[in-house]
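Bear in mind that the values here come from a model prediction, so they are computed numbers and not experimental data. Lettering of chains follows the sequences in order, A, B, ..., and the numbering in each one begins at 1.
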4 protein chains.
Amino acid sequence: MAGVNRVILIGNLGADPAELRYMPSGDAVLNVTLATTETWKDRATGEKRERTEWHKIVFIGKTAEIVKQYLHKGSQIYVEGKLRTRKWQTPEGQDRYTTEVVVDSFGTMQMLGGRQEQPSSGSSVPFDEEAHYQGQGRPAGRPQTAPAPAPSSSAPASNYGGSSTYDDDIPF
Amino acid sequence: MAGVNRVILIGNLGADPAELRYMPSGDAVLNVTLATTETWKDRATGEKRERTEWHKIVFIGKTAEIVKQYLHKGSQIYVEGKLRTRKWQTPEGQDRYTTEVVVDSFGTMQMLGGRQEQPSSGSSVPFDEEAHYQGQGRPAGRPQTAPAPAPSSSAPASNYGGSSTYDDDIPF
Amino acid sequence: MAGVNRVILIGNLGADPAELRYMPSGDAVLNVTLATTETWKDRATGEKRERTEWHKIVFIGKTAEIVKQYLHKGSQIYVEGKLRTRKWQTPEGQDRYTTEVVVDSFGTMQMLGGRQEQPSSGSSVPFDEEAHYQGQGRPAGRPQTAPAPAPSSSAPASNYGGSSTYDDDIPF
Amino acid sequence: MAGVNRVILIGNLGADPAELRYMPSGDAVLNVTLATTETWKDRATGEKRERTEWHKIVFIGKTAEIVKQYLHKGSQIYVEGKLRTRKWQTPEGQDRYTTEVVVDSFGTMQMLGGRQEQPSSGSSVPFDEEAHYQGQGRPAGRPQTAPAPAPSSSAPASNYGGSSTYDDDIPF
DNA sequence: TTTT
DNA sequence: TTTT
């Protein structure tokens with residue numbers, strides 16, 4: 001019965017985030033690709049070598065909005081999520097499977113790199129954080145690594161209902 | 001500004017859980033010791049060796065109640081939490097520091113071992129999980145490794161919103 | 001340049017391990033499927049719900065041999081590995097991608113559940129763990145969760161050197 | 001018997017690394033303090049709050065040398081290690097306990113932040129990474145996120161000898 | 001003080 | 001003592 005499904009990645013966005021999509025529940029969804037590079041030295045030749053792995057990341061909820069707003073191609077992030085393999089079909093009706101790392105309210109996203117990221121100019125994120133959060137926030141009295149104007153997100157993107165004052169100020 | 005503080009342990013309880021204590025906020029608090037054992041073979045002698053590390057775990061909120069109710073000396077668990085070092089004083093006024101692994105609503109506890117654990121007989125946990133959960137739970141439509149009758153707990157809905165008297169009240 | 005790619009799972013084997021395969025380097029390779037189940041209570045209906053995720057795990061090296069020898073359908077394990085997406089082609093020449101969790105010498109496998117597992121009867125693993133270990137082990141004086149007679153494996157000393165024909169030889 | 005003891009931190013060095021020390025085995029040892037900061041917004045007051053946790057980190061082996069050479073006060077790093085509580089005595093003979101995060105060859109250290117770190121000027125680390133690595137590195141044929149010119153280190157500092165053909169062909 |  |  002016990003089950004643990006956890007992924008931890010540090011890498012860089014392969015491209016600017018695409019447009020936000022929304023689930024029927026109202027939660028935002030955003031897909032990005034993340035590159036994690038490992039490097040080592042070839043023992044035989046002494047050469048430095050590296051291998052890059054590309055991951056499909058799916059941000060759900062508040063975090064999706066933060067990613068859209070603050071991150072761009074090349075941004076370095078820390079991500080905690082879980083594995084999920086989706087089955088889908090080609091237009092020809094063939095089954096296909098895609099494995100993604102889902103970062104929802106049980107996951108975490110942290111921006112790395114120090115330098116202050118700027119919100120994407122011309123951001124098309126017509127998102128009323130205020131209202132959205134109200135309905136879904138974590139319960140009152142819950143600490144949360146909430147960064148507010150700071151572009152970082154820890155266990156956000158979810159509802160855990162709360163005091164109205166909480167959500168008013170914290171955009172995720 | 002980014003910060004990650006995460007501890008993952010699998011080990012066995014060193015003793016039956018003590019009594020639950022409560023914070024002013026109403027959140028339950030429970031301390032246990034957890035042993036993690038690593039084994040290896042001494043390369044020189046070929047002998048099998050092992051080393052046991054003892055960890056002070058502090059469960060806060062719903063998880064504390066589950067631990068109290070279902071776990072006992074020897075129970076094997078998986079735990080996700082964060083490090084916290086508390087300063088306290090001896091009766092003589094000397095400073096002391098104790099490092100603990102805090103498992104609150106952002107952490108996780110999973111019972112391992114398969115065999116169905118029995119609730120502690122004579123349990124003094126007058127706790128209506130259902131009602132409690134309903135009132136503070138994560139938002140609808142969100143999966144959660146909810147404990148309820150099941151002796152497992154993942155990011156349960158608990159508060160530990162904090163009064164400034166936290167440390168004063170809880171002499172771990 | 002920094003990169004972290006880490007997966008942590010606790011789940012149960014979906015079937016007995018298949019046969020060991022070997023890379024040109026001599027390293028064993030073993031594929032298994034692992035189910036991680038998450039349970040939660042539907043907030044709206046109050047019903048208990050669960051979702052099982054199936055993961056493709058690839059054990060490489062010493063750990064592969066231990067898994068083959070000690071684990072079977074239903075065995076509960078803890079696994080630490082990394083994500084890797086492989087590209088392969090159908091007989092028709094179409095590209096396909098499969099994401100796996102690779103557990104090599106940088107990963108870890110721990111058996112859970114307490115009850116003593118028995119080596120698979122009729123095990124065809126003619127493997128001298130002792131000798132193997134001696135020759136390739138980590139440096140003296142270094143602890144290591146050595147497997148040997150003990151059915152546990154943490155970053156064991158294994159190779160998985162390979163040839164360019166890796167994918168060809170190993171039809172996961 | 002299973003045991004997992006793992007700590008994952010992202011934070012900043014509180015000070016420049018002190019001098020390297022060496023164990024009888026020849027392994028370098030280096031202690032640093034690392035700050036991890038979590039921020040959240042106070043639900044009652046709406047104020048942004050933060051709490052910083054200070055961790056005692058002990059780097060052992062190759063990683064210790066890399067930290068000494070490349071990191072300084074304020075450097076942001078990712079660290080994977082394990083918890084260890086040491087008992088020691090005051091001059092008066094009183095027992096004291098200190099909990100540290102040990103980052104040895106089973107752990108990992110990654111520099112974050114992007115900006116190219118400069119080796120400490122006037123570095124007193126007369127360390128020939130190349131030669132040193134050869135002598136103590138992981139065994140041939142094993143990939144390793146080798147640091148060398150690159151200021152990153154993943155599970156290095158250990159041997160685990162292997163096939164010489166490994167690195168040539170398989171980049172993972 | 002656990003567990004194997 | 002870091003960082004934002």
Side-chain angles (χ1 to χ4, degrees), chain A residues 70 78 110-117 145-154, chain B residues 1-5 9-18 31-41 48-57 71-79 85 112-113 115, chain C residues 70 78 110-118 145-154, chain D residues 1-5 9-18 31-41 48-57 71-79 85 111-113 115:
Chain A
Y70 292 101
Y78 167 90
Q110 294 271 312
M111 291 182 56
L112 302 176
R115 65 185 175 296
Q116 189 61 30
E117 301 273 350
T145 311
S152 124
S153 162
S154 192
Chain B
M1 173 212 53
V4 171
N5 175 356
L9 304 173
I10 292 181
N12 302 279
L13 293 205
D16 288 340
N31 294 60
V32 306
T33 53
L34 189 73
T36 59
T37 301
E38 60 176 329
T39 60
W40 70 97
K41 188 175 283 190
K48 193 179 171 186
R49 300 189 53 187
E50 71 173 42
R51 171 181 159 81
T52 295
E53 190 69 38
W54 287 96
H55 309 270
K56 295 177 187 301
I57 313 291
L71 302 189
H72 48 74
K73 182 175 179 173
S75 293
Q76 185 184 38
I77 58 174
Y78 167 90
V79 144
T85 297
L112 302 176
R115 65 186 176 294
Chain C
Y70 292 100
Y78 168 90
Q110 295 271 311
M111 291 181 55
L112 303 175
R115 66 186 175 294
Q116 189 60 30
E117 300 274 349
Q118 298 302 319
T145 309
S152 121
S153 163
S154 192
Chain D
M1 176 213 51
V4 170
N5 175 356
L9 304 173
I10 292 180
N12 302 278
L13 294 204
D16 287 339
N31 294 62
V32 307
T33 53
L34 189 74
T36 60
T37 301
E38 61 177 328
T39 60
W40 72 96
K41 188 172 283 189
K48 192 178 172 186
R49 299 190 53 186
E50 72 174 39
R51 171 179 159 82
T52 294
E53 191 68 39
W54 287 95
H55 309 271
K56 294 177 187 299
I57 314 290
L71 303 189
H72 47 75
K73 183 175 178 173
S75 292
Q76 184 185 37
I77 58 174
Y78 168 90
V79 145
T85 298
M111 291 182 56
L112 303 175
R115 66 183 174 295

- Item | For atom CD of E38(D) and atom C1' of dT4(F), their distance in whole Å | 14 Å

- Given atom CG of L112(C) and atom C1' of dT3(E), what is their separation to the nearest angstrom? 12 Å

- Message: Just the rounded figure in Å: distance from P of dT3(E) to OH of Y78(B).
- Response: 22 Å

- Query: For I77(B) and dT1(E), what is the distance between atoms CD1 and P respectively, to the nearest whole Å?
  - Reply: 19 Å

- Looking only at heavy atoms, which two atoms of H72(B) and P17(B) are closest? And how far apart? CA-CD, 3.9 Å

- Take atom NZ of K56(B) and atom P of dT1(E), then tell me their distance rounded to the nearest Å. 14 Å

- Message: What I want to check is whether an N or O donor and acceptor connect the side chain of T37(D) with the base of dT4(F) at under 3.5 Å.
- Response: no

- Task: Could you point out which residue of H55(B), E53(B), R51(B) forms a side chain to side chain donor-acceptor pair (under 3.5 Å) with T36(B)?
- Result: H55(B)

- Closest to the side chain of K73(B), out of dT1(E), dT2(F), dT1(F), is dT1(E)

- Message: Are the side chains of L13(B) and K73(B) in contact, using a 4.5 Å heavy-atom criterion?
- Response: no

- Would you say the side-chain atoms of Q110(A) pair up with the backbone N or O of G3(B), donor to acceptor, closer than 3.5 Å? yes

- Task: Tell me whether W54(B) is stacked on the nucleobase of dT1(E), counting only the six-membered base ring and applying the 5.5 Å and 30° thresholds.
- Result: yes

- For atom OH of Y70(A) and atom P of dT4(F), their distance in whole Å: 16 Å

- T33(B) side chain: which of dT1(E), dT2(F), dT1(F) is closest? dT1(E)

- Tell me: NE2 of H55(B) to P of dT1(E), nearest whole Å? 17 Å

- Query: Which is true for T52(B) with a 4.0 Å heavy-atom rule: it touches a base, it touches only sugar-phosphate, or it touches nothing?
  - Reply: base

- Item | Protein-nucleotide distance (I10(D), atom CD1; dT3(F), atom C1'), rounded to Å | 13 Å

